[in-house]
S.K.: 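Sharing a structure with you now.
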Amino acid sequence: EIRRIDTTQPPGPRMSRAVVRGDNVYLGGLTASDTSQDVAGQTKQILDKIDHYLKEAGTSKSNVLTANLWIKDMALFSQMNAVWNEWVDPANPPARACVRADMARPEVLVEIMVTAAK
């Protein structure tokens, strides 16, 4: 059984924000809703969204297995990482990668995608 959470609407359905299959939860790449904020503000918004979707899927950040982070400019890395470090469960940090990337929209500073266990 596969459960899809928050499937995008027109011009979609392009993607689901989260997909649950068995004991695995896959979140799509999430970006901030308010992209007028700096990288710290955008990162906080994304992590709040991750918490929301993980809860809806029946799990939490303590069960995050992997995280992929894309950042527009590595000069923003320490500011983004400060917010991440406040959020991540220190007893259960995931395997993580962070790379600089061209974003789909110029105002997007960071995008995060995680996979978690239930």
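Nothing fancy with the numbering, it's 1 onward along the sequence.
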S.K.: Can you measure from CE (M103) to CD1 (I71) and round to the nearest 0.5 angstrom?
M.R.: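 Reported to 0.5 Å precision, the distance equals 7.5 Å.
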S.K.: Would you call L47 and I50 a side-chain contact if the rule is heavy atoms closer than 4.5 Å?
M.R.: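 A side-chain contact exists here, since the closest heavy-atom pair is under 4.5 Å.
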S.K.: Rounded to the nearest 0.5 Å, what's the gap from CD1 on I2 to OH on Y26? Could you check?
M.R.: 9.5 Å
S.K.: Could you tell me if the side chain of P106 sits less than 4.5 Å from the side chain of K72, heavy atoms only?
M.R.: yes
S.K.: Would you name the heavy atoms of C98 and M80 that are closest together and state the gap between them?
M.R.: SG-CE, 3.8 Å
S.K.: Which distance, rounded to the nearest 0.5 Å, do you find between the NZ of K44 and the CG of D38?
M.R.: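 It is 13.0 Å, given to the nearest 0.5 Å.
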S.K.: Of the non-hydrogen atoms in Q42 and L109, which two are nearest, and what is the gap between them?
M.R.: OE1-N, 3.0 Å
S.K.: Of all the heavy-atom pairs spanning K61 and W87, show the shortest one and how long it is.
M.R.: NZ-O, 2.6 Å
S.K.: With a sphere of 6.0 Å drawn around CG of D34, does it hold more than 12 non-hydrogen atoms of other residues, nucleotides or ligands?
M.R.: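 More than 12 heavy atoms, drawn from other residues, nucleotides or ligands, come within 6.0 Å of this atom.
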S.K.: Could you grab the distance from atom CG of N68 to atom CD1 of I112, nearest 0.5 Å is fine?
M.R.: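 Reported to 0.5 Å precision, the distance equals 10.0 Å.
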S.K.: If you define the side chain from C-beta out and look only at heavy atoms, does anything of T115 sit under 4.5 Å from P94?
M.R.: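 Not in contact.
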S.K.: Hydrophobic clusters here meaning ILVMFWY residues chained together by side-chain heavy-atom distances under 4.5 Å, can you tell me if M15 and I46 are in one?
M.R.: no
S.K.: Do you know which two heavy atoms are closest between A40 and Q79, and how far apart they sit?
M.R.: CB-O, 4.3 Å
S.K.: Could you see if V114 belongs to whatever hydrophobic cluster contains L65? Use Ile, Leu, Val, Met, Phe, Trp, Tyr and a side-chain cutoff under 4.5 Å.
M.R.: no
S.K.: What pair of heavy atoms forms the shortest contact from T59 to A117, and how long is it?
M.R.: OG1-O, 2.6 Å
S.K.: Strictly distance-based, threshold 3.5 Å: is any side-chain N or O of T35 a donor or acceptor partner for the main-chain N or O of V108?
M.R.: no
S.K.: Would you call D51 and K55 a salt bridge, using N to O less than 4.0 angstrom?
M.R.: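 No salt bridge links D51 with K55.
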S.K.: Has R4 got more than 12 heavy atoms of other residues, nucleotides or ligands less than 6.0 Å from its CZ?
M.R.: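 Open: at most 12 neighbouring heavy atoms sit under 6.0 Å from CZ of R4.
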S.K.: Looking only at heavy atoms, what is the nearest atom pair of R3 and E56, with distance?
M.R.: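 Closest approach of R3 to E56: NH2-O, 3.2 Å.
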S.K.: Working to the nearest 0.5 Å, report the span between OG1 of T43 and CD of E86.
M.R.: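 Interatomic distance, T43 OG1 to E86 CD, rounded to 0.5 Å: 12.5 Å.
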S.K.: Does a side-chain heavy-atom distance below 4.5 Å link V64 with N92?
M.R.: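 A side-chain contact is absent here, since even the closest heavy-atom pair is not under 4.5 Å.
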S.K.: Contact between S60 and L54 at the side-chain level, heavy atoms closer than 4.5 Å - yes or no?
M.R.: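 S60 vs L54: side chains apart.
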S.K.: What distance separates M113 CE from T66 OG1, expressed to the nearest 0.5 Å?
M.R.: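 Result: 8.0 Å between the selected atoms.
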S.K.: Do L30 and Y53 have side chains that get closer than 4.5 Å, going by heavy atoms?
M.R.: yes
S.K.: Could you give me the CA-CA distance, side-chain angles and deciding distance for V25 and K118, then say whether side chain to side chain contact (heavy atoms under 4.5 Å, CB included) is met?
M.R.: CA-CA 7 Å; V25 179; K118 287 182 84 177; 3.7 Å; yes
S.K.: Between V99 and W70, is any pair of side-chain heavy atoms under 4.5 Å apart?
M.R.: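 Of all side-chain heavy-atom pairs linking W70 with V99, at least one is under 4.5 Å.
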S.K.: Any side-chain heavy atom of R17 within less than 4.5 Å of one from I5?
M.R.: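 No, their side chains stay 4.5 Å or more apart.
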